[in-house]
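Inspection log for the structure reproduced underneath, given as structure tokens.
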Amino acid sequence: MNKLSTFFIMATAIIISSCNPGGIKKEATEEKEFKVLVEQFADSKILRYQVPGFDSLSLDQKKLVYYLGQAALCGRDITFDQNYKYNLLIRKTLEAIYKGYTGDKETEDFKNFVVYLKQIWFCNGIHHHNSADKLTPGFSPAYFQILVQGTGKELIPMNEGQSTEAFIAEVSPLIFDGTIAPKRLTLDPSTDMVLASAVNFYEGVNQADVENYYDNRKKEDAKQRRDLRVAYGLNSKLIRENGEISEQTYRVGGLYSPAIVQIVSWLEKAATVAESPHQKKVIEELIRYYQTGDLVTWDKYNIAWVTDDSRVDFVNGFIEVYGDPMAMKATWESVVNFKDIEATKRTQIISSNAQYFEDHSPVAPEYRKKKVKGVSAKVITVAQLGGDCYPTTPIGINLPNANWIRKEYGSKSVTMDNITYAYDQASLGNGFIEEFAFSQEEIDRAKKYGHLAGNLTTDLHECLGHGSGQLKPGITGEALKNFHSAIEESRADLFALYYLKDTVMITLGLIPDAEVAKAEYDGYIRNGLMTQLVRIKPGKTIEQAHMRDRSLIAHWVYEKGKADNIIEKVSKEGKTYFRINDYDKLREKFGELLNIVQRITSEGDYQAAKELVETYGIKVDPILHKEILERYEKLNIAPYTGFINPVYTQVIKADTITDILISYPDDYTGQMLDYSEKFSFLPVR
Ligand code: ZN
């Protein structure tokens, strides 16, 4: 619900300005030789991120990062299995072939096989991580048969007594037959979304079964006077067995137990080096939750977590529900991090003025929060990514997701500065902005202010946007169903866009002048109307929530601003550009739309949400799309980005850990095979 994923960050310069007290300071000596871009395959590129400041942590803090980092890696196979029932079987089969195939590994076919395997690693399964479409291998079923037959039988994850032929007959269609599990996730309301989605949250049940099951649960819980605020279905698979529908809960002794046991064992170690008694309690509460699967305990954990302000911090659990067509069941993920104290000053200024922003927002007064609580915001340095956050990661997080906890206890908002920095480094000189920006002025502005503008937008989106506004009594976050995520992201983006151009930003010393906002507006409109389309295949529509959000906003303001020519579509030498003619009027339009989106959210107006998203957020103009793809292809840039994690090594002297060292591997395949070897705790079937 509350993640900000990457948009194209076009900035190339690092701004250190007296008006930007947070500053963006990097260790310049280190980065000069640091190779950010490691490799490209299919539509993806792999970057490395640095962890500046790790060496200055205390030994206990380093140990904490290490233990939490191991816990972050232990859940990897859970994410794979959640995404599709046969992901582990397929991945392990292909890994066995990669390592054990005795035939020629220099052929085109084998190279295409390797690309497919890398894509599966990248997407945590056989469906594209963004479009959710089944990946298409660049080799044939006949070649797959040759590969399996050319690999030692003992390496392939066959069933007991299964013949090689039977194994191939089982696995080959799963990989090659486009009609089997064509989409990991579909949000098309005209279909039975549960049946049409291959994601492994449901088995033997349809959409109506799911709705009935949880309706009944809620009724029963109401009768028993249980806590009805829990996130129903968050940590379980719903399955029909012998005619009965029941939940298989993710917990020690339940579904995914072998991996969860490992996560718990590292958390137990982490608890011994917690920074405070409060943080120790946080970790222990999470352990209790993993042991019981109890959602009331999960809420208790979140309440403890949101009020923990330790330097080293983490996300670990079944958190985001983007992967579930019913937006109930969460995919496992983890992020280990520590606070960037200098840069956090920037977000503290924003947070400490949260009430001002809320009171002056353009939404109807009854939908503003009377009292904005505990908007804790910080800039973090990511130390380890795991589960659904690896290798593609958000650049900001705002948690917990439970609205009632956010309302009563506040939420924690983070901007991942070392990740956005890696993006910026990678985008240096790749020609993208030069191709799509209308004028040299825009390009210069982006280079000068883009990084700051992007970070501030993330800060505002996370610190204030998601936490702003209030629902009408009796309305819950689920009212907007499959359109919830897109509307929620729009709300947060609009809040940020609206305020970025407010003079208060200058008064607070966050930006030097309005040029920063202009840089963001240029980039946002360009992205929403054009450049994000490079991530969409011809003939497809926009599925991903953040992309729908950006399309929705950009198209709405473009359409509604036509009378005043606020944004102009310009054709120059056969190429399309969008030029903003009036930045102040554009800001007013952002405000108008924020007001509308907040009303829809507050009132749970499903029809209006549907209309808004379907009119502006999903459709793609095929002619413009074709042009954008052609221009983009010439630049030879992979549209999706993933990261290699650093490696942490314990220095042990006389049975005592004396230090933790960090290193930065640059071999993606090596890291994947290493993880598969060390962190495979689940059965393939
Ligand atoms: Zn968000």
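Counting starts at 1 for both ligands and their atoms, following the listed order. Given the structure is predicted, the values throughout are model-derived calculations rather than measurements.
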Under 2.8 Å from the Zn ion (ligand 1), is there an N/O/S atom belonging to Glu489? yes

Determine, step by step, whether Asn482 and Lys610 satisfy the side chain to side chain contact (heavy atoms under 4.5 Å, CB included) criterion, reporting the C-alpha distance in whole Å, the side-chain angles of both residues, the deciding distance to 0.1 Å, and the verdict. CA-CA 9 Å; Asn482 47 315; Lys610 181 172 187 283; over 6 Å; no

Are any non-hydrogen side-chain atoms of Lys619 and His555 less than 4.5 angstrom apart? no

Residues passing the side chain to side chain contact (heavy atoms under 4.5 Å, CB included) test with Ile303, sequence neighbours excluded, are Trp404, Ile405, Tyr409

Atom name of the N, O or S atom of His461 nearest to the Zn ion (ligand 1) is NE2

N, O or S from His466 under 2.8 Å to the Zn ion (ligand 1): yes

Can you sort out the partners of Ala231 under side chain to side chain contact (heavy atoms under 4.5 Å, CB included), two or more places apart, ordered by chain and number? Leu234

